[in-house]
Each structure stands twice: as structure tokens, then as C-alpha cells.
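Here the structure comes first, spelled out in C-alpha cells, and everything after it is commentary.
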Amino acid sequence: MNSIDKNKNTFAVTTPLYYVNDLPHIGSAYTTIAADAIARFQRLRGKSVLLITGTDEHGQKIERTAQSRGKSPKEHCDEIAVGFQALWQQLDIQYDRFSRTTAPKHEAIVKQFFQRVWDKGDIYQSQQKGWYCVSCEEFKEERELLEGRRCALHPNKEVEWRDEQNYFFRLSKYQSQLEALYQKRPDFIQPQSRRNEVLNFVNQGLQDFSISRVNVQWGFPVPVDPSQTIYVWFDALLGYVTALLDPDSEPTLENALSKWWPIDLHLIGKDILRFHAVYWPAMLLSAGLPIPYRVFGHGFITVDGQKMSKTLGNTIDPVALVKRYGTDAVRYYFMKEIEFGRDGDFNEKERFIPILNADLANDLGNLLNRTLNMARKYCGGTVPNISGQDIPAENTLKVIGSDLGEKVAQAYEALAFTQATEAILTLIRAGNKYIDEQAPWTLYKQGKLELVEQVLYAVLESVRLAAYLLSPIIPNISNDIYRQLGFDTNFNDKTQINVSAPFNIHANWGTLPSSQTLGEPRPVFQKLELLETGSSEDK
């Protein structure tokens, strides 16, 4: 069982392969923004990064959805997959691979993997009886069902009784090995609440699960019995492996696993935790393959304290939200305001708009703007001709900034995006307070030009450091700040970030070049206003 190599120079992170029963919702966007933020952070650290996302396109639910729309399953899948790709572009998601489980290369990988597990003797045929939720594509135990035999995750859908001959995977065989994995690698499942959930499930005793379906046409045929179709989850999880193939390489397991495997981080919603933290590692153990390093299951998003539901009419269209408020606004709110790993709420009027206006327009944007204007007035529009070493060690901003880079790095590593942003905001707010207390306009009138330069340098450098550390979350605002500070950096250029922006240099306080020409001051974030009529989806 592989342990984490802290010194390796590659980092592979995945979102779920999203089910294409419908266009992407805000929960899909939430996971993908987080994956992109951590990928951007790892690039800042100089690592070679692979961000994988994509779509899970097989199964009975897709078959039925396509039929209801009067389309073929392939037409439906192509249309929805484009919708995901378009949203990721709008959200500035820098994914490297988009994995589709209908791809021919994926079928080759699934067949090879199936054969390995078959040769191991871990697949057998038996009778499957039970209640099946088509929406989950999963059999449910009687105790898991709500009144009226409804799925807890899809309470408006009744489960269906199934009694059929299927192929099963010997999950029970790997009970002790999974328990040993969880004990040896306590960080494999995060956060702790998700780990406890998995341990509780496994401790009840694992049951073998069906990996094939009958009377389902939309999927890959079982290699040893083409009359049956491979179960959607057994197929979909291998999409992570297929995505590792270089575009021109032959689709073999050996080629797919040669560079990037094992995956460093699977980011998922808590509703699919069992598949990733129990079924997936057992399947890999059967195939003799290393286990991914970490599975992180985040919480759900509610709206005004209520679960999102089409029936209630409170779903959030991420496309409309981005069009209304902008990419960085959406990215910032969900990473800062919702503690990653817990459930969190979206309230447009009382939380979303006030937080963005306070943090990005008032605190960050105003600090930059007022300081640039004073630098133009008192220093000829250039960075003061001093260095970070010239600032006294007891300077408030220098004290806060000196270890901020390491604090924020640790927070990003732990996926504690809220902690990261709060730590950065501490420096920004201290900058506003510092400039009010020092009053450089008064110092200038008193002829204390050296002190004026020290104050302005300290504030400008603090804004630079804050923008750099926030760039994984709000890359466009960070770009704008850097340009106004006279840099040519582009945080959306992956090649440039890897080569020219090593984290250990730029995350240190006091690296702003002296005498650098500053840009024209302009707002980096326009204050938001709420339209009182209609929801954000109508705008």
C-alpha cells in the first residue's frame, strides 16, 4: 500500500466524472473550482500538474433520459458534455484532460482491467435481488429507504425491484485489506467525518456487489458475456485511468499508469464517497495496482438554508451566476465562504453580495487603488526606491507577511480554502488600518519622505503578496493587481507559472522590485448590486 512521497514533482487531481443526465449544476461547479484552485496552487509550487475532469456517460438513467428527450444516448451525451466544457471555460478551469467514458480508448482500458480482475478470480455470476435506485445507479438496502420505498438522495423517486442474474465483484474478500489500508493511511479519506462514515460502513461487513446489468443497452458489453452490460460505476471509475493516457499513446493499462499514477487527490461530493473510498480501492487491490493517495468528500450546498430542488425552484444555474456577477466573484465566494468538507449555504442578498463587496471591492481593491494614487503623487508613479530589507522588522505588515506564505501553503495543502483566504484577508485589512494610522499624506507634508516611501512600499508589497496567494482562487483579479503593480505576470498561463513563478520566491514578503514603474490605478472589482426582481437564473 503506497504511502505519499512528499518530494515527487508531479501532482494529479481529479474531479468526479460528472453524470450527464442533465446540464452541470452549482455542486459540479463547486467541486471543479476547488480542483482548479488546488491545481493552480501546485503549479505555483513548481510541480507538473494534471487536472482531470470529464463525464460519466453510460447506464440506464442516461438511456431513459435520452429517450425522454427524443434523442439517441450518444446525441444526448455529446450535447451535455459540451455544456460541461463550456461552463469550465467560463469559470477559468484549467483542466488538462477531459475524460469521456464513451471514448473508444476508455473501452479498451475497461476491458483490460476487467480481465485482470477476472483472472484473479474476483468476478463470479450469481442472482441479484433487491431495490434499485436508477438515479443513483445503485442497489439500496431496505434500511436505507425512506417511507414509500424512496431513495434518501432522490426522495421524489421510488426504487425499483430487481431480480436478475448478474456478475459480482468479490468485495467481501478485501475487507481486511481495506481495514489495514484505513489504519495505515489515516489521511486516505478526508475530512475526518467522511473517514468515520466509511469506517462505520466497512465495520458492518462488506457484501459483494453486482458489476453487470441485464436489459441495459447503453454501456460496454461484459467481455466474458456480451449479453450483459458492465455496471456504470465499474466502468466510470476507470475513466480516471483512461485520462492519464497521452493523446497519441496506445490505450493500455501500462501506458496509462506509467507517469501519473497513483492519483494524488480525488475530489468528490460526499454522496459518492462509498464508491471512491471502498469499491475503488478494492477493485485496484484486485487488479494489483497502487491506491490513490487521498479521497476528499466535500459537503452539499443549500440555498437560503434549504436543499436545492427543482420542485422548490431554488436551484442555482452556475452559467447565469457567472454571467451576472463574473467568474472570480463566483470562485471566491464558494471557496472562501463555504468551509470545504462541510455543508454550506448560498444566500445571494445576505451573504454573496455583501461578502464580495466587503472583501474584494472595499478591502482589497480600495487598498490597492488608494496606495497607487499616493505612489503616483509622492513617488513619481514608481515603486519606492527601497527594498523589503529596509523595512523595520517590527513593521506590522512585515510581521504578518513574513510567514503568511507558509501558512497559506499549508491551508491549500489541507484544502482549507476558507482558512487560506482568511489569513490573506488579515494582511489586507491590516494594510488598510496601517495606512490610516501612518497617514503618509501627513508625513509627506512634514517632509518625511523616507517614511512615506517605507509606508507605501510596505502596503504595495502586501497587496502584491495577497494577490499572489489569492491567484489560485481569483486569477483574473490577481492578474489585474499584478499589472497595476508593473508586472507582466499572467496567472492563467500555465507554462509561465511553472517556469517563472516558483512559490518559495514570490510567496515571501519583501520581493517587490524597487523603482518599478506602476500602472494606472483602476478598480479591480466593481461593487455588486442585487436585482430585486427574479432570481439570478433569470438575469
Side-chain angles (χ1 to χ4, degrees), residues 16-17 19 21 56-64 73 101 106-107 109-145 149-154 157-175 177-178 198 201-202 204-241 268 271-287:
L17 301 187
Y19 211 41
N21 59 301
D56 173 9
E57 303 182 5
H58 284 142
Q60 189 172 54
K61 186 175 182 179
I62 301 304
E63 200 172 62
R64 291 183 179 180
T101 59
H106 180 62
E107 183 173 12
I109 294 295
V110 171
K111 285 181 177 179
Q112 291 174 46
F113 187 90
F114 184 98
Q115 193 63 48
R116 279 200 185 197
V117 179
W118 176 268
D119 292 344
K120 189 75 170 287
D122 286 343
I123 297 175
Y124 65 95
Q125 197 169 25
S126 185
Q127 196 73 13
Q128 172 74 66
K129 293 183 180 181
W131 296 105
Y132 190 74
C133 175
V134 175
S135 294
C136 290
E137 294 283 9
E138 183 184 12
F139 280 95
K140 301 289 184 177
E141 295 183 24
E142 188 88 37
R143 59 180 177 159
E144 295 180 285
L145 300 177
R149 292 204 173 93
R150 296 179 182 274
C151 171
L153 294 175
H154 303 93
K157 300 285 181 72
E158 288 187 25
V159 293
E160 301 176 8
W161 178 256
R162 299 288 173 87
D163 183 355
E164 55 192 41
Q165 191 84 355
N166 292 153
Y167 288 88
F168 283 72
F169 172 70
R170 298 186 192 276
L171 180 64
S172 59
K173 174 181 173 181
Y174 293 93
Q175 172 101 24
Q177 286 179 258
L178 288 174
V198 169
F201 173 74
V202 173
Q204 294 178 43
L206 295 176
Q207 304 295 318
D208 298 346
F209 69 93
S210 169
I211 61 167
S212 73
R213 297 290 183 266
V214 296
N215 302 320
V216 176
Q217 302 301 314
W218 188 236
F220 298 140
V222 173
V224 297
D225 184 355
S227 69
Q228 299 211 28
T229 300
I230 293 178
Y231 173 45
V232 60
W233 272 104
F234 193 91
D235 161 0
L237 288 163
L238 288 162
Y240 298 133
V241 176
I268 59 170
D271 55 326
I272 54 175
L273 177 67
R274 190 180 302 176
F275 296 101
H276 288 78
V278 181
Y279 297 177
W280 183 221
M283 289 162 55
L284 293 168
L285 287 169
S286 176

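- For the salt bridge (Lys or Arg N to Asp or Glu O under 4.0 Å) condition, the pairs that include at least one residue of residues 109-120, sequence neighbours left out, are Glu107-Lys111.
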Walk me through whether Leu178 and Leu285 qualify under side-chain contact (heavy atoms from CB on, under 4.5 Å). CA-CA 9 Å; Leu178 288 174; Leu285 287 169; 4.2 Å; yes
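- Side-chain contact of Asn166 with Tyr231: a donor-acceptor pair under 3.5 Å is absent, judged by distance alone.
- Arg274 CZ to Tyr279 OH: the interatomic distance, rounded to the nearest 0.5 Å, is 5.5 Å.
- Leu206 places a side-chain heavy atom less than 4.5 Å from the side chain of Phe201.
- Shown here for Val202 and Gln175, the closest heavy-atom pair between the two residues is O-NE2, 2.8 Å.
- Within the model, atoms NE2 of His276 and CD1 of Ile268 stand 5.0 Å from one another, a figure rounded to the nearest 0.5 Å.
- Nearest heavy atom pair, residue Leu17 against residue Ala236, reads CD1-O, 3.5 Å.
- Separation of atoms CG (Leu237) and CH2 (Trp280) is listed at 5.5 Å; rounding is to 0.5 Å.
- Within 6.0 Å of CD in Gln207 there are 12 or fewer heavy atoms belonging to other residues, nucleotides or ligands.
- Considering every non-hydrogen atom in both Thr101 and Glu57, the closest pair reads OG1-N, 2.8 Å.
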Is there a side-chain contact (heavy atoms from CB on, under 4.5 Å) between Met283 and Val117? Walk through the geometry before answering. CA-CA 8 Å; Met283 289 162 55; Val117 179; 5.6 Å; no
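- With sequence neighbours left out, Glu164 forms a salt bridge (Lys or Arg N to Asp or Glu O under 4.0 Å) with no residue at all.
- Taking each heavy atom of Ser212 and Val222 in turn, the nearest pair found is CB-CG2, 3.8 Å.
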Might you work through the side-chain contact (heavy atoms from CB on, under 4.5 Å) test for Asp235 and His106, ending with a clear yes or no? CA-CA 9 Å; Asp235 161 0; His106 180 62; 2.6 Å; yes
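- Scanning for side-chain hydrogen bond (donor to acceptor under 3.5 Å, both in side chains) contacts around Gln165 gives an empty result, with sequence neighbours left out.
- Ring planes of Phe234 and Phe169: tilted class, angle from 30 to 60°.
- Listed for the Asp208 side chain is a donor-acceptor partner under 3.5 Å among the backbone atoms of Leu171.
- Rounding to the nearest 0.5 angstrom, the gap separating the CD1 atom in Ile123 from the CD atom in Gln125 is 11.5 Å.
- Of the possible donor and acceptor atoms, one in the side chain of Glu63 sits under 3.5 Å from a partner among the backbone N and O of Gln217.
- Here the straight-line distance linking atom CD1 of Ile62 with atom OH of Tyr19 works out to 4.5 Å at 0.5 Å rounding.
- Contact between Gly121 and Arg170 at its shortest, heavy atoms only, is O-NE, 2.7 Å.
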Start with the C-alpha gap between Tyr167 and Ile230, add the side-chain angles, then the distance that decides, and say whether side-chain contact (heavy atoms from CB on, under 4.5 Å) holds. CA-CA 9 Å; Tyr167 288 88; Ile230 293 178; over 6 Å; no
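- Relative orientation of the Phe114 and Trp118 rings is parallel, given thresholds of 30° and 60° on the angle between their planes.
- Using bins of under 30°, 30° to 60° and over 60° for the plane-to-plane angle, the ring pair Phe220/His58 lands in the perpendicular bin.
- Residues Ala287 and Phe113 share a closest heavy-atom pair of CB-CE1, 3.4 Å.
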